[in-house]
Amino acid sequence: MARLVIALVVLVGLALLLKRFRPVWYWACFGVLLATVRVRWRYAQVMDACHLTVPASRLRLALARWFNKPVPQQRVPRLMWVKPTRTGLRLRIRMRPGQDAFEFSAAADRLRHSFGVHQVTSREVKPGVVEVTLTGYDVLKRVQMPARTARGLLKIPVALVEDGSVHYRDYREVPHSITVGATQSGKSVTQRTVIKELASQPVALVGIDCKKGVELGPFARRFSAIADNADDAADLLEALVARMESIYDVIRREQRISADAPAGEIAANIWDLPEKLRPVPVVVTIDEIAELTLSTKRNDPRRDRIVTALVRLAQLGRAAGMFLDIYGQRFGSELGDGITMLRAQLSGRMVHRVNDEATAKMAFGDISPHAVFAATQIPNDRRGMAVVGYSTGEWVRIRTPHTSMRQAVAACNRHAGLVPDIPELARFRPLTDLAPVEAPAVAEAA
């Protein structure tokens with residue numbers, strides 16, 4: 001008996017230590033079993049308490065009245081199955097007639113407290129069926145990406161979502177994006193992660209960093225072009241527009257539209273071209289948009305050139321394989337004419353910690369007011385945490401794993417041989433073979 005008590009105490013102590021210092025191990029060893037038992041045991045009671053039940057049918061009520069039986073209880077939605085995951089549980093629930101998926105989304109916070117888990121989200125799988133995801137612990141506290149993630153051309157894993165899934169940056173689905181956040185909010189970490197993942201893919205990387213290239217300069221060996229001042233940025237953007245127009249000429253020549261041409265052979269973008277004619281995709285990273293578009297002059301020709309080229313790339317670049325990643329602390333109308341037109345073309349929206357609500361509204365004002373509120377609630381000690389909004393009105397919290405400058409630079413140097421030859425950008429190719437200039441020695445005082 002004494003040995004059993006000692007073993008039980010050791011087991012409980014081990015569980016508490018794992019829960020505090022290794023929540024992933026705790027969930028795999030203890031949490032998933034306890035949560036499954038708790039869900040199975042409390043399911044009907046929780047559904048009733050959270051007002052997710054429906055009254056009994058008229059037939060059952062009539063039968064109870066005819067045979068003088070007790071009034072039937074509320075009907076609980078059927079729990080189809082419970083599936084454990086590496087971070088929580090997934091419940092597949094068949095709704096009763098008269099219920100909708102919004103009821104489960106609205107009751108997410110009540111379900112979280114009732115089941116004793118960290119987070120609850122729900123989505124509609126098909127008509128009449130919802131999937132409720134329970135997250136057992138705070139997966140964004142210490143981000144650990146899964147060992148295996150789905151990768152593809154222009155599809156890269158970027159961050160971990162609060163429900164334990166992986167957030168991907170898919171350029172073919174969301175061609176252009178804007179990332180907003182205050183200083184020390186984690187924008188640079190997200191930028192390094194994206195560049196590190198893209199370095200191993202057959203794409204051309206182009207950078208515009210008007211802070212003398214301090215952010216993007218270290219990745220020069222993998223970049224096809226870098227502009228570190230506004231004058232070069234204007235010329236670089238116009239060169240990209242010229243390349244985009246030449247690509248459209250290639251697509252037009254290859255369409256071969258005729259009465260007997262099969263529909264599958266009519267090209268409308270670079271992905272419909274034969275592989276030997278397909279130009280390499282180009283990903284343009286702009287480190288600080290305000291340095292490009294903010295000007296003290298009333299009529300600044302250079303700024304007009306920059307904004308015009310950016311708007312054209314955002315409107316027409318997707319079919320030509322050109323994609324924009326824009327980063328900045330703010331992205332509003334105070335940056336000048338044309339900014340709201342550019343923002344309307346950026347379907348990807350990511351907001352890190354911001355200092356005011358107006359900045360979050362610039363990104364999410366046309367998506368969801370709840371996303372605006374969530375962006376203003378990101379704590380200061382959660383660098384890399386952000387809110388991602390979609391044009392459908394949905395939004396999620398994510399956090400990017402910490403990627404140091406050394407890790408990103410090592411990835412770019414390792415894949416420096418993948419830099420494609422693009423004649424239009426040849427004069428913007430960074431000089432990477434020059435030896436660093438050594439600082440002059442300081443003469444010692446006599």
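Starting from 1, each residue takes its place in the sequence as its number. The figures here come from the full heavy-atom set of this structure, side chains too, leaving out hydrogens, waters and symmetry mates.
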- Task: Side-chain contact test, heavy atoms from C-beta onward, threshold under 4.5 Å: evaluate it for Val203 versus Val282 and give yes or no.
- Result: no
- Query: Is there a donor-acceptor pair closer than 3.5 Å between any side-chain N or O of Arg192 and the backbone N or O of Thr403?
  - Reply: yes
- Determine whether more than 12 heavy atoms belonging to other residues, nucleotides or ligands lie under 6.0 Å from atom NE2 of His113. yes
- Item | Nearest non-hydrogen partners of Met95 and Val129, listed with the distance | CE-N, 4.0 Å
- Note on the structure: In this structure, CG of Asp231 is separated from CG of Leu236 (nearest 0.5 Å) by 12.5 Å
- Task: State whether a side-chain donor-acceptor pair under 3.5 Å links Gln191 with Asp287.
- Result: yes
- Minimum heavy-atom separation for Met145 to Leu160, with atom names? SD-N, 4.0 Å
- Short question: side chain of Tyr137, backbone of Val117 - any donor-acceptor pair under 3.5 Å? no
- In short, ring-ring contact (aromatic ring centres under 6.0 Å, His included) pairs touching residues 174-231 with sequence neighbours left out are none
- Any chance CZ of Arg243 has more than 12 other-residue heavy atoms, nucleotides or ligands included, within less than 6.0 Å? yes
- Ile326 side chain near Thr179 side chain, heavy-atom distance below 4.5 Å: no
- Message: I want to check something: taking the side chain as every heavy atom from C-beta on, are Val130 and Arg123 in contact at a cut-off of under 4.5 Å?
- Response: no
- Query: Any idea which heavy atoms bring Ala375 and Val351 closest together, and the distance?
  - Reply: CB-CG1, 3.8 Å
- Message: When you measure from the side chain of Arg42 to the backbone of Ser114, do you find a donor-acceptor pair of N or O atoms at a distance under 3.5 Å?
- Response: yes
- Task: Determine which pairs satisfy ring-ring contact (aromatic ring centres under 6.0 Å, His included) with at least one residue from residues 315-352, sequence neighbours left out, and list them in order.
- Result: Tyr171-Phe323
- Over all heavy atoms of both residues, which pair between Val161 and Val139 is shortest? Give the atoms and the distance, please. O-CG2, 3.5 Å
- Message: Any non-hydrogen side-chain atom of Val46 less than 4.5 Å from a side-chain atom of Leu111?
- Response: yes
- Query: Looking only at side chains, do Thr359 and Arg330 share a donor and an acceptor under 3.5 Å apart?
  - Reply: yes
- Task: Would you confirm whether Gln99, through its side chain, and Arg96, through its main-chain N or O, come within 3.5 Å as a donor-acceptor pair?
- Result: yes
- Donor-acceptor pair between Thr149 and Arg151 side chains, under 3.5 angstrom: yes
- Query: Looking only at atom types and distance, does a side-chain atom of Asp100 sit under 3.5 Å from a main-chain N or O of Glu103, one as donor and one as acceptor?
  - Reply: yes
- Item | Side chains of Gln184 and Arg383, donor plus acceptor under 3.5 Å | yes
- Query: Could you state the interatomic distance from CD (Gln119) to OG1 (Thr87), rounded to the nearest 0.5 Å?
  - Reply: 11.0 Å
- Message: Side chains of Thr400 and Thr190 only: does a donor on one sit below 3.5 Å from an acceptor on the other?
- Response: yes
- Ser122 and Ser105: side-chain donor and acceptor closer than 3.5 Å? yes
- How about Leu134 and Phe115: do any of their side-chain heavy atoms sit closer than 4.5 Å? yes
- Is a donor on one side and an acceptor on the other found under 3.5 Å between the side chain of Arg222 and the backbone of Gly417? no
- Measure from the side-chain N and O atoms of Gln407 to the backbone N and O of Ser404, and report whether any donor-acceptor pair falls under 3.5 Å. yes
- Answer yes or no: is there a side-chain heavy-atom contact under 4.5 Å between Arg86 and Pro146? yes
- Query: Of all heavy-atom pairs between Leu216 and Asp209, which one has the smallest distance, and what is that distance?
  - Reply: N-OD2, 3.2 Å
- Please say whether more than 12 non-hydrogen atoms of neighbouring residues, nucleotides or ligands are located less than 6.0 Å from CE in Met405. yes
- Query: Above 12 or not: heavy atoms from other molecules or residues under 6.0 Å from CD of Gln315?
  - Reply: yes
- Arg112 and Asp109 ion-paired at < 4.0 Å: yes
- Task: Side-chain contact test, heavy atoms from C-beta onward, threshold under 4.5 Å: evaluate it for Ile286 versus Leu310 and give yes or no.
- Result: yes
- Query: Quick check: does any side chain N or O of Thr376 sit under 3.5 Å from a backbone N or O of Phe373, one acting as donor and the other as acceptor?
  - Reply: yes
- Message: We want to know whether Ser177 and Asp325 form a side-chain donor-acceptor pair, criterion being a heavy-atom distance below 3.5 angstrom.
- Response: yes
- For Arg278, look at atom CZ and say whether over 12 heavy atoms of other residues, nucleotides or ligands are found less than 6.0 Å away. yes
- Query: Can you tell me if Arg221 uses its side chain to pair, donor with acceptor, with the backbone of Pro218 under 3.5 Å?
  - Reply: no
- So do the side chains of Lys83 and Arg92 get within less than 4.5 Å of each other, counting heavy atoms only? no
- Query: What's the spacing between Ser185 OG and Gln329 CD if we round to 0.5 Å?
  - Reply: 8.0 Å
- Message: Tell me the closest heavy-atom pair linking Ile247 and Ala320, and the distance in Å.
- Response: CD1-O, 3.5 Å
- Gln345 side-chain N/O to Val311 backbone N/O, donor-acceptor pair under 3.5 Å: no
- Could you note down all residue pairs passing salt bridge (Lys or Arg N to Asp or Glu O under 4.0 Å) where residues 396-407 supplies at least one of them, sequence neighbours left out? Glu162-Arg397
